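Structure record follows, encoded as structure tokens.
So that the names make sense, note that chain A is the first sequence line, chain B the second, and so on, each numbered from 1. Keep in mind it's a predicted model, so treat the numbers as computed, not measured.
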Amino acid sequence: MKRWLFLVAAVICLWGCSDGASSASSGSGGSSSSSSSSSGGDGGAGGTGGAGGGQPDALISCIDEPDALPRPPSGKLPCEYIPPGLSLPQ
Amino acid sequence: MKNTPLTFMILAGTLAASAAAEAHVSVVSPTAVAGTTAVVELGVGHGCEGSDTYAITVEIPKGMTSVRPMWSDFGKTSLTYDDVDPALVTTVTWQKADADALPGDTNYYKLAFRAKLPNAPFTSIYYKVHQVCRAADATLSYTDWVALPGEMGEPAAAQDLVPARLPGWNKYTVPADIADLSVFFKDALIVWRGKEAYSFNDNTVDLIKTTAGVTLLPADGVKANDELWVRY
């Protein structure tokens with residue numbers, strides 16, 4: 001009877017240890033998973049950035065599309081300096 | 001070597017002339033927006049040959065209304081009025097009290113009045129100023145700053161009237177030839193007439209020169225009735 005109880009207790013203990021180990025493993029796995037998920041997120045953001053670098057579909061604020069801002073040493077007048085209605089050859 | 005004394009004299013004359021040109025009674029703000037009410041400040045750079053400035057009288061240019069002078073620590077004011085229209089101020093005088101007269105020419109003075117400026121953009125107005133100085137022995141001397149451009153004598157104080165503007169693009173039709181765009185558009189980012197562009201900024205001028213399809217608009221190239229796009 002005592003032996004049976006000991007067996008049950010041992011099984012419960014193993015379950016607990018196993019659960020703890022599993023928890024710990026799950027924790028570090030979570031961390032790893034979190035990191036991996038974060039990388040995936042960055043990749044997504046990179047994709048968005050790439051899309052932003054192309055020709056925009058809509059006119060949006062410069063702060064949402066920093067790559068579209070003119071760079072000073074472009075060698076030609078920035079578009080902000082071209083008056084309304086004037087079209088110049090590229 | 002033979003020309004050295006002559007060169008020296010020319011150089012000395014040039015320096016003296018430029019010093020005289022700098023040291024006149026001038027308007028502190030060289031430009032003002034046409035048709036607005038503004039405070040006009042006159043800066044008195046110096047007295048007369050070592051004597052302190054004792055009184056200043058400014059002739060109010062035609063077309064300027066609603067003149068109200070401001071007292072200053074220089075002295076109190078008095079006005080004269082137009083014979084035909086007594087509401088029009090024709091001169092303002094600032095007179096220093098005898099007790100405040102300085103023994104030498106040491107101070108800079110700023111004298112101000114509020115006025116409604118003529119609604120005549122792209123023109124200049126000239127304030128003729130009469131200066132009275134008082135030496136330590138109470139001897140008075142006089143200098144008239146009344147010469148208009150092209151005239152001999154001490155130059156009147158000039159102020160250039162610019163058109164009203166807003167940040168961004170502004171469209172103007174010029175009423176008369178403009179001899180020098182920098183007078184009216186020094187603070188503009190860029191000025192366009194058709195496909196010709198002007199800027200006072202050398203870096204922008206370089207970009208104008210290297211942009212396809214654009215030519216440089218010379219500073220004296222704008223004529224009456226030209227249409228301009230100006231970005232501020």
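The backbone N or O of A:L86 sits nowhere less than 3.5 Å from a side-chain atom of B:W229 that would complete a donor-acceptor pair.
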May I have the step-by-step check of side-chain contact (heavy atoms from CB on, under 4.5 Å) for A:I82 and B:W192, ending in yes or no?
CA-CA 9 Å; A:I82 310 300; B:W192 288 86; 4.0 Å; yes

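The closest side-chain heavy-atom distance from B:L207 to A:K76 is not below 4.5 Å. No side-chain heavy atom of B:T210 sits less than 4.5 Å from a side-chain heavy atom of A:L77.
Taking all atoms of both residues into account, the shortest heavy-atom contact from A:Y81 to B:W169 is O-CH2, 3.4 Å.
Residue contact with chain A, scored on non-hydrogen atoms closer than 4.5 Å, involves the backbone and the side chain of B:I208 alike. Neither the backbone nor the side chain of B:S199 comes within contact range of chain A; no heavy atoms are under 4.5 Å apart.
For B:R68, the CZ atom sits in a loose shell: 12 or fewer heavy atoms of surrounding residues, nucleotides or ligands are nearer than 6.0 Å.
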